[in-house]
Every structure is written in structure tokens, then in C-alpha cells.
There are 2 protein chains.
Amino acid sequence: MQDIADHASVNKALLHYYFTSKDKLFNIVFEQEFGNFFSSLAQVIASDQPLFEKIKKVVALDIEKLSQFPDMPIFVLNEVSRNPEVILSRLQNIPVEMVLGLFQQQINAEVERGNIRPIAAGQLLVNIQSLCVFPFLARPMLRGLMKMNEEEFKAMIQLRKNEVAEFIINGIKTN
Amino acid sequence: MQDIADHASVNKALLHYYFTSKDKLFNIVFEQEFGNFFSSLAQVIASDQPLFEKIKKVVALDIEKLSQFPDMPIFVLNEVSRNPEVILSRLQNIPVEMVLGLFQQQINAEVERGNIRPIAAGQLLVNIQSLCVFPFLARPMLRGLMKMNEEEFKAMIQLRKNEVAEFIINGIKTN
DNA sequence: GTCTATAGGGTGATAGAC
DNA sequence: GTCTATCACCCTATAGAC
């Protein structure tokens with residue numbers, strides 16, 4: 001609260017005047033940060049597009065949003081791991097099973113056409129999110145290991161934007 | 001310190017008797033958790049094996065170690081993001097440039113033979129680590145979203161152990 | 001609305017009895 | 001070695017002046 005007050009150039013007491021408690025302030029920030037991230041993702045995945053187009057769109061959407069808020073993933077995952085129950089209640093609205101079911105149908109159709117190898121929808125989505133989100137989670141470590149400044153990190157991410165979708169599509173394509 | 005003392009069924013004072021300060025205790029735990037993880041990884045990557053074999057070995061090593069300490073990634077990344085300088089000093093020993101350089105040579109050789117598409121060594125390593133580490137980082141969220149218990153999560157990881165290496169190799173192979 | 005002052009509770013660390 | 005008691009500090013939250 002002190003840090004936030006300092007950054008806002010106001011007094012700690014004023015934060016409590018506006019937000020009542022640290023907990024309520026946190027929830028407001030969390031909702032904003034986390035926000036409709038999942039919804040917009042689910043929307044693309046459930047949409048009516050060819051599989052490869054869909055993968056490209058999800059990757060582009062992911063990297064675009066994450067580039068705007070590079071610290072969001074570690075903030076969110078951290079909070080979820082510290083307090084799983086609270087978060088889960090927020091996710092009840094998202095029809096995960098339905099979205100996964102639809103996506104699996106689309107995958108199965110492509111498999112039958114001989115275009116891709118069989119894969120579970122959940123595994124493919126985890127793969128996509130892994131490749132998009134992990135670099136942001138590991139940003140401080142990557143920057144340290146590869147001696148990158150913020151500019152170079154952003155450049156690497158932009159390179160990935162182009163490469164990751166191709167990597168995923170190749171990963172599931174039949175040879 | 002209170003939580004640790006409780007778990008250890010001893011008094012807080014005793015922790016200070018043995019570890020002097022919270023900071024020193026933390027460092028000991030961190031070194032143990034983090035430990036030779038990077039070293040053993042670098043060893044495999046710098047080793048003298050065919051590229052595809054190497055990828056399979058790294059994935060197997062990763063998932064094996066992470067399965068033993070599923071909370072390690074979020075703990076480590078969290079600490080690195082809170083305090084990058086401290087961690088970086090620990091990683092000075094690892095000859096990142098050399099390992100990356102060797103790996104890039106091996107990749108380039110396979111590209112010239114027409115076996116794989118061109119890719120930067122760093123990007124490939126990030127891809128591998130993404131696919132291996134992210135599911136553990138997102139474990140609480142995945143468990144919530146996909147309504148998995150710990151057993152089902154472990155089963156999913158075991159499935160990935162077999163699939164991720166193939167996914168990566170297909171991702172870089174020429175068609 | 002915005003501030004200062006302070007209550008109330010928790011935390012890291014130490015002193016000192018046993 | 002292991003404990004209790006306690007100090008000094010910091011943090012959330014509130015009371016009350018302006």
C-alpha cells in the first residue's frame with residue numbers, strides 16, 4: 001500500500017478511503033489485469049475458422065496482449081498458485097468443456113482428412129499457451145541468461161510472433 | 001519463519017540458531033531447489049549426440065526433474081522476477097554463449113543436410129523449455145480450468161513426456 | 001477529499017533461562 | 001540445543017483535524 005501510495009503521490013490513508021481495504025484494491029486490479037483475457041481467447045477458439053487460421057489468430061492475440069502487459073502472467077499465476085480457490089470461482093463462467101469439445105471436433109475432422117496427426121485438444125492448447133506465455137514468465141531469467149536488454153527481448157518476442165505459429169502447425173501436421 | 005517452524009515442529013528461535021537469518025535460510029533452500037538444474041541441462045545440450053536424440057533427452061530430463069519438484073518453477077521464476085540481480089550472479093558460471101554457439105552449429109549442420117528448417121538456437125531452446133516448464137507453472141490454473149485432481153495432472157504430464165519431443169521434432173523438420 | 005497520528009497485529013531477530 | 005519472552009520494526013486500517 002505504501003509503494004502504491006508513493007507511485008500515486010498520495011497518502012496511504014487515501015487509498016483506504018477509495019478502496020476500503022488492500023484486498024478490495026487487489027481484486028479490482030486483478031480483474032482488470034486478468035479481465036477478459038480468457039473470454040477473448042475462448043471466443044477465438046470456439047469461432048468458425050479453419051484450424052491453422054485459428055492457431056495463427058490465437059498466437060497473434062496472445063503475444064499482442066502479453067506484449068502490452070509483460071508482467072501480467074507471472075502476477076496472475078503467482079496469485080493463482082497462492083490462492084487457487086478464489087481464482088477458480090472467477091473462471092466458473094467460462095464453458096471450458098464446451099470450448100474444448102468443439103475444438104476437439106475440429107481437430108478430429110482434420111485428422112480424418114489426413115492433414116494432421118491425432119492430438120488431444122487440451123494438449124494442443126497447452127502447447128500453444130506454453131510457447132506464447134512462457135517467454136514472458138521467464139523474461140527476467142532469459143534477459144539475464146542471454147544478456148538481453150528490454151529492446152532485445154521485445155525484438156525476440158516479435159521474431160517469435162512469426163515463428164511460433166509455424167512451429168505449432170508443423171508440429172501437428174502429418175509428414 | 002513461523003510457518004516453517006510450525007511445519008518443522010520447532011520454535012522460530014531454533015531456525016535462527018541454525019540458519020542465522022531468514023535470508024541465509026532462503027539462499028540454502030534456493031540453491032538446493034535451483035541447484036544443478038541448469039548445469040545438467042547445459043551438459044546435455046553441449047553433449048555429442050544427434051540433434052533429435054538430444055531433444056528427446058532434454059525433454060525427458062526436464063519433465064522428470066520437474067515432476068519431482070512441481071512447485072520449483074514458480075518459486076524460482078518468482079524469486080528471479082523479484083530480485084534479478086541476485087540470481088544473475090549465480091548464473092555467471094554457466095557458459096551460455098558457448099553452449100548456444102555449439103548448439104547453433106549442430107542445428108546449422110542439420111539445416112544444410114535438408115533435415116530441418118532454419119531456427120535460432122535460442123528460440124529452439126525457449127520452445128523446448130516452454131513446452132516442458134509451462135504446464136508446471138500453470139498447474140493450479142490448469143487443474144482449475146480442466147477440473148483435474150493431482151492424479152489426473154500427473155497423468156497428463158506423463159502423456160506430454162511422450163508427445164512433446166515428437167511435437168518439437170515435427171515442428172522443426174522439413175516437410 | 002486529503003492529510004497526520006496512531007491503534008492493533010504480525011515478523012525477524014536476540015537475550016537469557018534451562 | 002531448545003525453549004520463552006521480548007524488542008524493534010513494518011504493515012493494514014481507522015480516527016479525527018482541516
Side-chain angles (χ1 to χ4, degrees), chain A residues 1-38 69-92 136-141 144, chain B residues 1-38 68-92 136-141 143-144:
Chain A
M1 298 300 276
Q2 189 59 63
D3 286 352
I4 294 168
D6 291 348
H7 274 85
S9 298
V10 293
N11 194 279
K12 257 197 301 180
L14 205 58
L15 291 180
H16 283 96
Y17 176 77
Y18 277 109
F19 299 103
T20 311
S21 72
K22 182 185 181 183
D23 221 63
K24 289 211 171 109
L25 171 55
F26 172 82
N27 281 330
I28 289 167
V29 173
F30 191 84
E31 305 257 347
Q32 271 188 18
E33 292 273 302
F34 198 51
N36 47 20
F37 192 69
F38 265 85
F69 309 104
D71 292 326
M72 200 246 270
I74 200 148
F75 173 67
V76 171
L77 285 187
N78 221 358
E79 291 310 318
V80 178
S81 81
R82 276 189 214 287
N83 198 351
E85 318 80 41
V86 175
I87 314 303
L88 300 190
S89 64
R90 283 176 220 277
L91 296 177
Q92 299 297 14
F136 290 91
L137 289 166
R139 184 169 61 122
M141 184 164 283
Chain B
M1 299 300 276
Q2 189 59 62
D3 286 352
I4 294 168
D6 290 349
H7 273 85
S9 300
V10 294
N11 194 279
K12 255 197 308 178
L14 204 60
L15 291 179
H16 284 96
Y17 176 78
Y18 277 109
F19 300 103
T20 311
S21 72
K22 183 184 180 183
D23 221 63
K24 289 210 172 110
L25 171 53
F26 173 82
N27 281 329
I28 289 167
V29 173
F30 191 84
E31 305 258 345
Q32 270 188 20
E33 292 272 302
F34 198 52
N36 48 17
F37 191 67
F38 265 84
Q68 280 178 49
F69 309 103
D71 292 325
M72 199 248 270
I74 202 149
F75 174 68
V76 171
L77 284 187
N78 221 357
E79 291 310 318
V80 177
S81 80
R82 276 190 215 286
N83 199 351
E85 317 79 42
V86 174
I87 313 303
L88 299 190
S89 64
R90 282 175 221 278
L91 296 176
Q92 299 296 15
F136 290 92
L137 288 167
R139 183 169 62 122
M141 183 163 285
R143 286 195 45 188

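The figures here come from the full heavy-atom set of this structure, side chains too, leaving out hydrogens, waters and symmetry mates. Here is how names work: the chains are called A, B, and so on, in the same order as the sequence lines, proteins then strands, and each is numbered from 1.
For the side chain to side chain contact (heavy atoms under 4.5 Å, CB included) test, residues two or more places apart in sequence or in another chain that qualify with A:S21 are A:D23, A:K24. Contacts of B:D6 classified as side chain to side chain contact (heavy atoms under 4.5 Å, CB included), with partners at least two apart in sequence or in another chain: B:Q2. Legend: residues meeting side chain to side chain donor-acceptor pair (under 3.5 Å) with A:N83, ordered by chain and number and at least two apart, are absent. Judged as a side chain to side chain donor-acceptor pair (under 3.5 Å), and not counting sequence neighbours, the contacts of A:D71 are A:R139.
Note: CZ (A:F19) to P (D:dT14) measures 15 Å, nearest angstrom. D:dC10 atom C1' lies 14 Å from atom CG of A:D6, rounded to whole Å. Between A:Q2 atom CD and D:dC9 atom C1' the separation is 14 Å, expressed in whole Å. Following rounding to the nearest Å, A:Y18 (OH) and D:dA13 (P) show an atom-to-atom distance of 18 Å. To the nearest angstrom, P of C:dT4 lies 11 Å from CG of A:L14.
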List, with names and distances, any nitrogen or oxygen atoms from the protein found under 3.5 Å away from nitrogen or oxygen atoms belonging to nucleotides 13-16 of chain C.
{"unit_1": "C:dA13", "atom_1": "OP2", "unit_2": "B:H16", "atom_2": "NE2", "d": "2.9"}
{"unit_1": "C:dA13", "atom_1": "OP2", "unit_2": "B:K22", "atom_2": "N", "d": "2.6"}

N/O donor to acceptor pairs below 3.5 angstrom from side-chain atoms of residues 12-19 of chain B, sequence neighbours left out:
{"unit_1": "B:H16", "atom_1": "ND1", "unit_2": "B:K12", "atom_2": "O", "d": "3.4"}

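Residues B:I4 and B:L25 are in side-chain contact: their nearest non-hydrogen atoms beyond the backbone lie under 4.5 Å apart.
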